[in-house]
Protein chains: 2
Amino acid sequence: MTMKRITLSHGSGGKLMHDLIKGLFVKNFGNPFLNKLGDSTLIHTSVERFAYTTDSYVINPIFFPGGDIGKLSICGTVNDLSVSGARPKYISCGMIVEEGFSYNELEEITLSMKAACKKAGVSIVTGDFKVVEKGAADKIFINTSGIGEVFKEARLSVDYIRPGDKVIVSGTIGDHGAAVLLAREELKFSSRLLSDCAPINGLVSSVICKDIKFIRDPTRGGLATTLNEISMESSYNIGIDESQIPIKEPVKALCEILGLEPLYMANEGKIVLIVSAKSASKVLGRMKKHILGRDSKIIGEVETRRDRKVYLKTKAGGTRILDMLTGEQLPRIC
Amino acid sequence: MTMKRITLSHGSGGKLMHDLIKGLFVKNFGNPFLNKLGDSTLIHTSVERFAYTTDSYVINPIFFPGGDIGKLSICGTVNDLSVSGARPKYISCGMIVEEGFSYNELEEITLSMKAACKKAGVSIVTGDFKVVEKGAADKIFINTSGIGEVFKEARLSVDYIRPGDKVIVSGTIGDHGAAVLLAREELKFSSRLLSDCAPINGLVSSVICKDIKFIRDPTRGGLATTLNEISMESSYNIGIDESQIPIKEPVKALCEILGLEPLYMANEGKIVLIVSAKSASKVLGRMKKHILGRDSKIIGEVETRRDRKVYLKTKAGGTRILDMLTGEQLPRIC
């Protein structure tokens, strides 16, 4: 059996590229927008506010427990739109592939993107495919941008954050970072660790309301970095209770062995919410009803002091500053 | 003097990345959308139809006569929106940078993007920055996606193409491909060859009207490939007169030396239009008034036969089929 491989000609703009685009991408992503294969896609809209985002995915390895670069590239962008209070609708996809890359793996990634799109209810409406010489890129990089329609009920801004607001996290922390690390290091580890990679738009749309002040997904840099961003942008300190932060036992164990801190580990299917004190338990209750929010927890609150710092109340009973990630904990995690 | 270089930490989601984004990108691209640094950007719109596109730029070398990867990444996406009959408005930017890349070069590319945005009247409203290990990417890749507001007058579709419609090209062909080739091969060549890399939205908006049936920019694969795409999609044959195709003398000379065909060479500031016969000279006249359309020419017309082929009437007096590009003429041309 011959192994089909991607050649430079697949990215040249000529016949081979057209055949690949029709035979692989249009076949799998097919929808009335994409099928036209125009220089851009024409979209009709009736909403007045939309959200727009972009992310490049360079994860290594490209296949990891719980997902692959294709699934990640859809979920990541869907999630960025979701945390902005928007219903994700349209996705663009730009692939950069290394010459010699396996056609079968490209197909597997494509099918994985297709499945993630279906799950999230979004369509890939425009795309681009480039091939670079062997050695000029590591296997495959995928950029997705996305457009979402902003929910009428969404009123999300750091400007609305006030002391006393509660901090809710939608589930266990560090799963994605731990799973990728495990896959990369080929560590023998008895427990099965899966990335949490998932589209969280369903969870967001099930809870979105005016009492939610702000949402962010703690990806690169993890929960600690996200909380620091919120603190810096709102100017209020945030106090977090370590004992309330949900972390899976195998993630804890892996981090202990390797001397890593789960609070800085990337997540790809989690959200952090800032919710008014009076509505926090109501929002928490709704979150727990969604399959991706079952392990939601109130982990802390916004404080009155404004030195833009995050404080962690440790299990040992002390309090320490939880700083932003400095340096690189784990490169190419997404 | 120390040479500042990009490290993996600049892409980690932590403090160094924040500092780089604020100190370089927000500083230069700054606008009310981008400055918020949210997971996505919220955009208000009053139009009902918009165009959406994406492209990844992997050009080698990243600096070439007439431009660089930064200018190209803005012009290319602006042009894709323009040929769809839209006024480009919002751009997303996803950069993938190789560890060790020079900060000064990154800054130069950033300033070049800033200048191109200004010229085209667009804003970079959302972005992403990733760093991969040395050797995992070749210097820098840039993805831009873009959103444009569709002109009310625009009525562009291959479905409107009819026999007798004229084919107009907005200027000399092959300049970008030739300039990049020259830069790459470090050929000694007496004539100065510059890429035509430019935003063509001004040219398009100065001519857009209902008599223009279709517009496309002949990038990868060149004029020949674009004409073949139009022929295939409309089902009509297209006849082109070689003697009417504008080509700069140095481009011709370079192609002759290297045995390349200028009709397959990439362009980054040109458009091909299909215009009704009755309005062709009016549209041509308007194009010639725009600085980027001065050398516009009617080069052929849509024929009645429908075997989806492009015929070239050669200067020697014969006629031959002008096929799509097969194989790779010049990799990483954009």
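Residue numbers begin at 1 in each chain, while the letters A, B, ... track the order of the sequences. Please read all numbers here as calculations on a predicted model, not as lab measurements.
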| request: Pick one of side chain, backbone, both or neither for A:Ser145, based on which atoms fall under 4.5 Å of a heavy atom in chain B. | output: both

| Which bit of A:Asn79 comes within less than 4.5 Å of chain B, counting heavy atoms only: side chain, backbone, both or neither? | neither

| said: Taking side chain as everything from C-beta outward and backbone as N, CA, C, O, which of these in B:Val132 sits under 4.5 Å from a heavy atom of chain A? Side chain, backbone, both or neither. | reply: both

| query | How are the rings of B:Phe141 and A:Phe141 set to each other: parallel, tilted or perpendicular (split at 30° and 60°)? | reply | tilted

| said: Between A:Ile147 and chain B, with a heavy-atom cut-off of 4.5 Å, which part of the residue counts as in contact: side chain, backbone, both or neither? | reply: both

| Within 45° of the ring axis of B:Phe101 and under 6.0 Å from its six-membered ring centre, is that where the NZ or CZ of B:Arg5 lies? | no

| request: Heavy-atom distances under 4.5 Å only: say whether A:Glu229 touches chain B with side chain, backbone, both or neither. | output: side chain

| If we ignore angles and hydrogens, is there a donor and acceptor under 3.5 Å between the side chains of B:Ser40 and A:Ser84? | yes

| field | Portion of A:Val158 that has a non-hydrogen atom of chain B nearer than 4.5 angstrom | value | neither

| Where on A:Ile59 is there a heavy atom nearer than 4.5 Å to chain B: the side chain, the backbone, both, or neither? | neither

| query | So which part of B:Asp217 gets closer than 4.5 Å to some heavy atom of chain A, the side chain, the backbone, both or neither? | reply | both

| query | Measuring heavy-atom distances to chain A, does B:Ile142 have an atom under 4.5 Å in its side chain, in its backbone, in both, or in neither? | reply | neither

| A:Phe50 six-ring centre to A:Lys89 NZ/CZ under 6.0 Å and within 45° of normal | no

| field | Contacting moiety of B:Ile96, where chain A heavy atoms sit under 4.5 Å | value | side chain

| request: Apply the test ring-ring contact (aromatic ring centres under 6.0 Å, His included) to residues A:Phe33 and A:Tyr90: give CA-CA distance (whole Å), side-chain angles for both, the deciding distance (0.1 Å), then the verdict. | output: CA-CA 10 Å; A:Phe33 301 104; A:Tyr90 307 110; 5.4 Å; yes

